[in-house]
Participant: 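Here it is, the structure, as structure tokens.
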Amino acid sequence: MQTASLSRKVHKWLFLFVGAQALLWTLSGVYMVVMDLDFIHGDHLVKNLREPLPMEQGTLAPTQVLLERYSGVKSIQLKALQASPYYVIQAADGTHLVDARSGSEVSPIDGDRARALAEHYFSGSLSAASAELITDNPPTELQSRALPLWRVNFDDRYGTSLYISPNTGALVTRRHNYWRAFDFFWMLHIMDYEERENIHNPLLLIVTLVSLTGVLAGLILLFYSFARREKAAGTAAAAGGAQ
């Protein structure tokens, strides 16, 4: 009975300490399991991510001119944006977006162009509500993505935000309120309250070990509880037979 008494104390005091976190693990786990991951990724919010090159491209600026204009060119990619061809040039001083027909550079794109591109990528019918160029202090939802980025917001029921690169015109990522809730629950689940990425942080390890100890103590207590009931039932049966 000393083991049962010790297990009861360990189980009670450890879960008094980690009970709130155990509840958060359960709630956050339910949300992450119930929600469809493609929905959380916002796949339903975007279109035109892989736009084919237009059939009639016209005369394109020769790449030799671009090689002479930019130093340390690493790559030149021809892509379509809103049915027009553009070059994306990776050079020593960064990335450049060039109109493939005129040969003129269009990057970094301004707010009006960012809004137009966001509406091009957005699967809904609403116009963009606002656009903001983020150059520093990025919101948590951008995680480690490189700046600068245009954040274009839509007043739809999902609270959609599309992030557009000013240097390539590409859609870098999309966020919406269900994703933000998922990210919040993920933070609570892994107990990384700053970066929300490190699943090997010391706090999570400590609370997990304490919880495991409490669960093991509960299992031992459960074993003694059943053993005591069986003993009581046997005693009652013996007393009934004696009568």
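What you see is a predicted model; the values in this text were computed from it and never measured. For the numbers below, each heavy atom of this structure counts, side chains included, while hydrogens, waters and symmetry mates do not.
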Participant: Checking the side chain of Ser102 only, and the main-chain atoms of Ser104 only, is there a donor and an acceptor separated by less than 3.5 Å?
Facilitator: yes
Participant: Are Arg174 and Asp43 close enough for a salt bridge, meaning some N to O gap below 4.0 Å?
Facilitator: yes
Participant: If I compare all heavy atoms of His189 with all of Ser28, which pair ends up nearest, and what's the gap?
Facilitator: ND1-OG, 2.6 Å
Participant: So, do His176 and His41 have ring centers that fall under 6.0 Å from each other?
Facilitator: no
Participant: Kindly say whether Ala128 contributes a backbone atom to a donor-acceptor pair with the side chain of Asn153 at under 3.5 angstrom?
Facilitator: no
Participant: Heavy atoms only: give me the nearest Ile89-Val98 pair and the separation to one decimal.
Facilitator: CD1-CG2, 3.7 Å
Participant: Should Leu37 and Phe185 be regarded as members of a common hydrophobic cluster, given that ILVMFWY residues are connected when their side-chain heavy atoms come within less than 4.5 Å of each other, either directly or indirectly?
Facilitator: yes
Participant: Does this structure show an ion pair linking Arg196 with Glu141, if we count only N-O contacts that are shorter than 4.0 Å?
Facilitator: no
Participant: Check whether the ring centres of Tyr87 and His96 lie less than 6.0 Å apart, and answer yes or no.
Facilitator: no
Participant: Between Phe122 and Leu171, is there shared hydrophobic-cluster membership here, with clusters defined by ILVMFWY side-chain heavy atoms closer than 4.5 Å?
Facilitator: yes
Participant: Any side-chain to backbone donor/acceptor pair from Asp156 onto Thr160? Under 3.5 Å, distance only.
Facilitator: yes
Participant: Compare all side-chain heavy atoms of Leu81 with those of Leu117 and state whether any distance is below 4.5 angstrom.
Facilitator: yes
Participant: Could you tell me whether the side chain of Glu51 and the main chain of Gln82 form a donor-acceptor pair under 3.5 Å?
Facilitator: yes
Participant: According to side chain to side chain donor-acceptor pair (under 3.5 Å), who are the partners of Tyr70, at least two apart in sequence or on a separate chain?
Facilitator: Glu105
Participant: Just distance, no hydrogens or angles: give the donor-acceptor pairs under 3.5 Å from side chains in residues 59-69, sequence neighbours left out.
Facilitator:
from  : atom 1 : to     : atom 2 : distance (Å)
Gln64 : NE2    : Glu68  : OE2    : 3.4
Arg69 : NH1    : Gly103 : O      : 2.8
Arg69 : NH2    : Gly103 : O      : 2.8

Participant: Would you call the rings of Phe39 and Tyr178 parallel, tilted or perpendicular, taking 30° and 60° as the class edges?
Facilitator: perpendicular
Participant: Say whether Val210 and Trp25 are linked into one hydrophobic cluster, either directly or through other cluster members, by side-chain heavy-atom distances under 4.5 angstrom.
Facilitator: yes
Participant: Do the non-hydrogen side-chain atoms of Ile134 and Pro139 ever get within less than 4.5 Å of each other?
Facilitator: yes
Participant: If the condition is salt bridge (Lys or Arg N to Asp or Glu O under 4.0 Å), which residues does Arg115 pass it with, not counting sequence neighbours?
Facilitator: none
Participant: Does atom CG of Asp155 have more than 12 heavy-atom neighbours from other groups under 6.0 Å away?
Facilitator: no
